[in-house]
Number of protein chains: 2
Amino acid sequence: MNISLKDVAARAGVSVKTVSNVVNGYRHVTPATRQRVQQVIDELGYRPNLTARHLRKGRTGIIALALPELGNPYFAELADAVISYAAGLDYIVLLDHTNGRRDQEVLFAQGFRARLIDGLILSPIELENEDLLARGNDAPLVLLGEREYEAPHDHIAIDNVAAARTATRHLLDLGRRRVAFLGARHGRVRRVAHLRLRGWRAAIAESPGAAAGDELVAATDGYTRGDGAQAMARLLDSGVAPDAVFCYNDLIAIGAMRTLIERGLRVPEDVAVVGFDDIDDGRYCSTSLTTIAPHKQAIAQAAVDALLARLDGGDEAAQADPRYIRPGFALIRRESTLGRP
Amino acid sequence: MNISLKDVAARAGVSVKTVSNVVNGYRHVTPATRQRVQQVIDELGYRPNLTARHLRKGRTGIIALALPELGNPYFAELADAVISYAAGLDYIVLLDHTNGRRDQEVLFAQGFRARLIDGLILSPIELENEDLLARGNDAPLVLLGEREYEAPHDHIAIDNVAAARTATRHLLDLGRRRVAFLGARHGRVRRVAHLRLRGWRAAIAESPGAAAGDELVAATDGYTRGDGAQAMARLLDSGVAPDAVFCYNDLIAIGAMRTLIERGLRVPEDVAVVGFDDIDDGRYCSTSLTTIAPHKQAIAQAAVDALLARLDGGDEAAQADPRYIRPGFALIRRESTLGRP
DNA sequence: CTGAAAGCGCTTACAG
DNA sequence: CTGAAAGCGCTTACAG
């Protein structure tokens, strides 16, 4: 059924070594031989069996990217960047969903798909330090997103506290005094939501006239537009009357704006809104969204580069100390804080 | 370095066959043996080499999903559905970008990654019939999205003409008489944009008082929000004053709404807008978007099911005639045509 | 420049 | 219930 190197070799009257040489484009094959072999390959429709090649080489050229979910445009855009960049370096990306569940994250972190993938880029939500320590000496792992792990892995993350502080300060600089935070999380202190909340607190603390009460902080269950819409509604219902909102991410911000408009409040005149992520949606909202833009391209490249350095960089590189890489971010000012020009 | 079955077998004092039996959870291993082997596996941190298994079995359990790009939420949401559904059936999904480029699509269609993947789901944009005919007897291929190919492959697609007609008729039923179409494409007649344009024409033709001129049709280069915003601006600048717009997809519709609002036009009072795809964004726009919702879940399941039938269904199933499956769609009415309740 | 042969790590008839 | 051995289809020292 399947045509193998051997079949091609037999038909072309050469050894499998020669066919292999032709297939892999090695020099030092006489043009005549090359042509004859190529002709048989075309005739037979031969295609190399990658699985066999992988087994033999001990490498697959596949890296896995494990993200919570693709439904969030931030992750979709990031995945897009990783896939494109990796493709340019001749690596294939296997995309996995963890749904932000610890058991799934543990599965991937601990070497699921061993030797099918050369390495793994993981963006954890619930993963704990101990899960990482329990990890065997598997394929290299690169972590995405700020978190305080002690296990020795390359780690790519922007400075969330600084970014959140920048966003909040922008609102305060506009003269807002009651800046709410939407998207706090109950539970573990390690999470990114806590870091962004910390940034919010820091900016408020620096600004004498600004309200700082906990009633300005609204938690959400998830990170979706619906969560944002609900949280904003709850906040308004509770009698808190913010004049600005800094949101955990753009989706929550978009949901919040939706609620504000439904309640007859104007953005930014009555309530200014800042998001986080710089997803495409935010640019084309009826009121375009001011946001923090983590440099996704830089994140994707840093992650892939870090992984490939361990894979292709030779022994010193593979053994090098883990690095913590901090791509930059920028505040993108749009109508939700500045109004229509 | 890497621990193999053989290492485990040696240490446990059994044959590799027995270890394999334990690893694969076969019955008929005495509990004592099983336990001893399992202990050695844990001690050594043995993990099966999937590449070797794949080579031996001739199957990998991996299916590829080749989409234009993940940046478009429609494809991201669809990918999400495919990955989740396939995971439930113990299949891994390898996600690929074609960027809607013919050369990329040809690459995948013609058996790129042979024997690494068991089958392929491809959503082509530029692929031609001849590209498909040139295809060898490779892994099964399922096509996604309406197109008129003559090659024998399973094909999953909603009825775009009917859906576009439904959308346009909705606008006409609301009393609109100058319904524009945004997102026509120059070039090949096979494309989905032509089908949706055909549906628009059909609905207009059925409605005596409706304007039908070509000046109501605006082409776009791509399918993004930016394309929609520009096309809407061009349409308005050209002096055409539509009272409704049916857009090729939700992204174009969102871009169009953005332009309308910038120009001081109200949605839906001055111009009603309908999109296509039912992406999440549309639900939370300041003016939520009326749209055609293709049943993504059904599409994803049909695609995976069709592929797996060929893979796992035995000989008759593998040889069965190609099927054209037509998942349904629904018109979702929201504020962009009905106004705020 | 080309060939013969080993071996990557599994699974699976075939015996016993 | 367990073992010895073949073979999936490649690549790669090792010869020549």
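All of these numbers come straight from a predicted model, not from anything done at the bench. Every chain is numbered from 1, with letters handed out A, B, ... down the list of sequences.
- B:Asn72 places a side-chain N or O within 3.5 Å of a backbone atom of B:Tyr74 that can act as its donor or acceptor partner.
- Between B:Arg53 atom CZ and C:dC8 atom P the separation is 18 Å, expressed in whole Å.
- The number of heavy atoms from other shown groups lying within 6.0 Å of CD (B:Glu130) is above 12.
- Taking the nucleotide of DNA chain D with the nearest heavy atom to each of B:Gly13 and B:Leu55, the more 5' of the two is matched to B:Gly13.
- In the set D:dT11, C:dG9, D:dG3, the nucleotide with an atom closest to the side chain of B:Arg56 is C:dG9.
- Of the candidate nucleotides C:dC10, D:dA13, C:dC1, C:dC10 has the atom lying nearest to any side-chain atom of B:Tyr46.
- Here B:Thr33 lies in heavy-atom contact (under 4.0 Å) with sugar-phosphate atoms only.
- With sequence neighbours left out, B:Asp90 forms a side-chain hydrogen bond (donor to acceptor under 3.5 Å, both in side chains) with no residue at all.
- B:Leu44 has its CG atom 14 Å from the P atom of C:dG9, to the nearest Å.
- We find that NZ of A:Lys6 is positioned 16 Å from P of C:dG3, with the value rounded to whole Å.
- Looking at heavy-atom distances under 4.0 Å, A:Lys57 makes contact with sugar-phosphate atoms alone, never a base.
- No salt bridge links A:Lys57 with A:Asp118; every basic N to acidic carboxylate O contact stays at or beyond 4.0 Å.
- Among the duplex regions that DNA chain D forms, those built from at least three successive Watson-Crick or G-U pairs under 3.5 Å are C:1-3 with D:14-16, C:5-12 with D:5-12, C:14-16 with D:1-3, ordered by first number.
- How far CG of B:Leu143 is from NE2 of B:His155: 5.0 Å, rounded to the nearest 0.5 Å.
- If you check D:dT12, C:dC10, D:dG3 against the side chain of B:Val14, the one that comes closest is D:dG3.
- Between B:Ile125 atom CD1 and B:Gln104 atom CD the span is 13.0 Å, to the nearest 0.5 Å.
- Of the candidates C:dG9, D:dT2, D:dT11, the closest approach to any side-chain atom of B:Ser4 belongs to C:dG9.
- One can place CG of A:Leu5 at 13 Å from P of D:dC8, the figure rounded to the nearest angstrom.
- Side-chain N/O atoms of A:Asn21 include none lying less than 4.0 angstrom from OP1 or OP2 on C:dT2.
- Under the side-chain hydrogen bond (donor to acceptor under 3.5 Å, both in side chains) criterion, A:Lys6 pairs with no residue, sequence neighbours left out.
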